[in-house]
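Note that the coordinates shown come from a computational prediction; the quantities given were computed from them, not determined experimentally.
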Amino acid sequence: MKVFRGIPSSSGIAIGHALPLKGTGFNIKRAHAGEKELEEQIVLFQKAVEKTKRELKKIKNTVRHEIGIEESAIFDAHILLVNDPNLVEKAIKNAREESVSIDYAFTETLNSLVQIFENMPDEYLKERANDLLDVGKRILKNYLGIQMAPELAGDHTDLIIIAHNISPSDMVELGKKRIGGLVTEVGGTTSHAAIMARSLEVPAIVGVSNILSEVRPDDLIIVDSNSNRVIIDPDEETVKAYQTLRREYVRYIKSLEKLRNEEAVTRDGKRIKLEINMELVNEADLVNSYGADGVGLFRTEYLFMRNILPTEEEQAETYQYISQIIYPKEVVIRTADLGGDKFISHFEVPKEMNPFLGLRGIRLCLEYKDFFKTQLKAILRASKLKNIRIMFPMISGVDELRQAKAVLGEAMDELKERGTEFDEEIKVGIMIEIPSAAVISDILATEVDFFSIGTNDLIQYTLAVDRVNEKISYLYNPIHPAILRLIKMTVNNGHQNGIPVAMCGQMAGMAEYALLLIGMDLDTLSVAPSNLLEMKKIIRAVEYDKCKQIVQSSFQFNDVHLISDHFQRYNKEYLSGILFNYGKEGANE
């Protein structure tokens, strides 16, 4: 029995048999081709390319209707890649120049392009290597007359897919087979595989290093995304324990459903709004299905990570759709938070030594003012129902904020000149995610209508910790005394100036910090949809006054370990009886 760990990306527990996906399934050897033979091959190859286009368009339409609009947009890039001269035309050119078979020339061209993308420092561009492989595999399958790669054959329903990485289209095909779970060696929570796994409600753990070398076809596998464990070849006792645990988990998830229409109110009457974070358009439906109070964070940057930037009209339709779906509840639309690890090729951004400290967030938007203004006009055009709020990311000081508000003013003036109706009193807020913003939050509070604390970056910047660096990840601690002081300072300054304060970072949806956040007097917690009902259960089970006392007493400690022990003591007292498997690490081995 071997245990692996990675990055949980889609919650749940799966027990099934391994289906390792290794390589492309093709071994194309170099072969000479005469001029006449080659031209005949090229004709067949071009037909295969056209067939691939039709297949991808069909897959896109299927995903659009069965999964969601945003997921279907993944395949726009795939369709464009089929038309890319650097792939198809270059392969034909190389085949002619070297007098080699077209399938060999295409494979070599594909591999060289994939290697270029895999060596790029930008994580988003690295993901495009997987898109290229997906397109290339489909073209080769169609050219060679293979309907489906051998490793995807069969009709199992308990498959645990183990792959280095997996393409979105393969996820769609595998999703039809009702796979049990997914494990990949690479990827993060925003990789295409992770997004598709969440949409298909498949338990998934990504970033599990070197697992392919340890697993064989049909090995029994347990994927426990709740405890971040992948177990290969578990013993009988572990299997039985996990079978019991999975049944308990399913019952627990179903038990939470009764809270959908209940309010998040503590036992002594403190009301806390629970909203959802969303990055895919179709997730707007989850507001009502989970009984959320609204959308506390719509991450718009994913709308722009395509080969073609969306127009003002296209953006306006997207924002209006969300507004209408959740009305009369509100949606906070964050303007594009690009940069850092989310650069797109539409901007000629120079390579930076420290991209997370460089041209990102509001800085990039102010640099590319026309792009920024287009998005603001689209948001305003969608605001007729008056349930949209605008939020600026990465604000470090008053000057940046005033510049952003000035561009918003220009957008409003241009829409008025067109005679376009919009909410002229639309509320404007900012992310508090840079320490300087927290420190001067008393000043910033006089300039905006609301705050939302983005803990992911606030922790990273305050503690100078790259949270994806394994060597120092232990230093990334949400309950460091400095973080607690900055959060409390921000909440106090917001309330003293009459504005509400929300939290939308990952910390907001983590059960182990629930007592802390309730006691910090936050008005709103904006969480991942899957965390919402559990957070609601905690809020309804505790007393606000008691949580305030727990927080106040935590400030007497100056050591992060003592603070952690302090909260763990109260967590065990309050949470062990109401949360699934709290304080345990999966089934006993």
If you take all heavy atoms of Ser564 and Ile479, which pair is closest and at what distance?
CA-CD1, 3.5 Å
Ile139 to Ala48 - nearest heavy-atom pair and separation
O-CB, 3.9 Å
Tell me the closest heavy-atom pair linking Ile102 and Ala95, and the distance in Å.
CD1-CB, 3.9 Å
Does Glu236 pair with Lys240 as a salt bridge, N-O distance under 4.0 Å?
yes
May I ask you to test the Ile232-Ile211 pair for a side-chain heavy-atom distance under 4.5 Å?
yes
Taking all non-hydrogen atoms of both residues into account, name the closest pair between Ile578 and Ile538 and its distance.
CD1-CA, 4.1 Å
Under 3.5 Å, is there a donor-acceptor pair linking the side chains of Asp103 and Tyr143?
no
Asp224 side chain to Ile13 backbone, donor-acceptor under 3.5 Å
no
For residues Glu534 and Asn531, is any side-chain donor paired with an opposing acceptor at under 3.5 Å?
no
Any non-hydrogen side-chain atom of Lys536 less than 4.5 Å from a side-chain atom of Leu256?
no
Can you see which heavy atom on Tyr476 is nearest to which on Thr455, and at what distance?
OH-O, 3.9 Å
Between Asn288 and Lys329, is there a side-chain heavy-atom distance shorter than 4.5 Å?
yes
Side chains of Ile92 and Ile42: does their closest heavy-atom pair fall under 4.5 Å?
yes
Do Met431 and Met394 make a side-chain contact, defined as non-hydrogen atoms from C-beta onward lying under 4.5 Å apart?
no
Run the side-chain contact (heavy atoms from CB on, under 4.5 Å) check on Val332 and Leu297 step by step: do they pass?
CA-CA 5 Å; Val332 176; Leu297 171 64; 5.8 Å; no
Indicate yes or no: at least one non-hydrogen side-chain atom of Asn456 is less than 4.5 angstrom from one of Glu433.
no
Checking Ile205 against Asn228 for the side-chain contact (heavy atoms from CB on, under 4.5 Å) test, could you report, in this order, the C-alpha distance in whole Å, the side-chain angles of both residues, the deciding distance, and whether it holds?
CA-CA 7 Å; Ile205 299 180; Asn228 184 22; 3.7 Å; yes
Can you name the closest pair of heavy atoms from Leu220 and His17 and give their distance?
CD1-NE2, 4.1 Å
Kindly say whether Arg299 contributes a backbone atom to a donor-acceptor pair with the side chain of Asp337 at under 3.5 angstrom?
no
What I want to find out is whether Asp457 reaches Arg360 closely enough, with some N-O distance under 4.0 Å, to be called a salt bridge.
yes
Any heavy-atom pair between the side chains of Ile222 and Arg229 that's under 4.5 Å?
no
Could you walk me through whether Asn210 and Phe4 satisfy the side-chain contact (heavy atoms from CB on, under 4.5 Å) test, starting with their C-alpha distance in whole Å, then the side-chain angles of each, then the deciding distance to 0.1 Å, before giving a yes or no?
CA-CA 9 Å; Asn210 302 318; Phe4 290 78; 5.6 Å; no
Working note: Glu55 + Lys58, criterion salt bridge (charged side-chain N to carboxylate O under 4.0 Å, His left out); need CA distance, chi angles, decisive distance, verdict.
CA-CA 5 Å; Glu55 285 179 350; Lys58 184 178 179 180; over 6 Å; no
Any non-hydrogen side-chain atom of Gln315 less than 4.5 Å from a side-chain atom of Thr318?
no
